[in-house]
Amino acid sequence: MIRSGKDGKKLSKHLLEMKFMKVSRDRIQEEEDEQNSQALFYNQISDALKSSSSKFIVEPSWVVCEGLKCGRRSYRGMNPVIEKIMEMDNQDQKVLTKVKEEDVDVTAEEMAVLYKQEATLIESTVRSCNKRTGSTLSPPSTKKKFLKPADD
């Protein structure tokens, strides 16, 4: 049975297949398709878009636009003014990356030196402990063989 209209009455499938019911069948099919599409995208479409009175979304803050790049582009001297703007943006980006690199408390070279010092300190500590206990750092060189269980 296929649902028909707002009153909730249903029409049989065989009745809808008849020629004179073609318009009703098409209308019912469109309603079902619309319901399915609304069910799929119900959380992505705002109420303003559903009413279709407003085709624009008004954002109360300009923070969304902060990281956007200039929409106009020019390459190989086609528009020198825009290329100057692009060059200035690139310079600003380079300055920001330099500031971020300088903002780090410890540089990569300093970190490597500190890591090497810590590694030597740990190694010397382990050696001194092994000298006291009499063990060695290297694992035993002989590999143990598998022993078969004794037959009773």
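Quick caveat, the model's predicted, so the values are computed rather than measured.
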Separation of L121 CG from E123 CD (nearest 0.5 Å):
10.5 Å

Can you tell me how far the CE atom of M111 sits from the CD atom of E118, to the nearest 0.5 Å?
9.5 Å

Atom CD1 in I85, atom CG in N90: separation rounded to 0.5 Å?
12.0 Å

Once side-chain contact (heavy atoms from CB on, under 4.5 Å) is applied, do any residues pair with E83, and if so which ones, sequence neighbours excluded?
S74

Working to the nearest 0.5 Å, report the span between CD1 of I122 and CZ of R127.
13.0 Å

Start with the C-alpha gap between I28 and E32, add the side-chain angles, then the distance that decides, and say whether side chain to side chain contact (heavy atoms under 4.5 Å, CB included) holds.
CA-CA 6 Å; I28 291 170; E32 288 177 355; 4.0 Å; yes

Rounded to the nearest 0.5 Å, what separation is found between the CG atom of D26 and the CD atom of E31?
11.5 Å

Under the side-chain contact (heavy atoms from CB on, under 4.5 Å) test, residues paired with Q117 that sit two or more places apart:
V113, L114

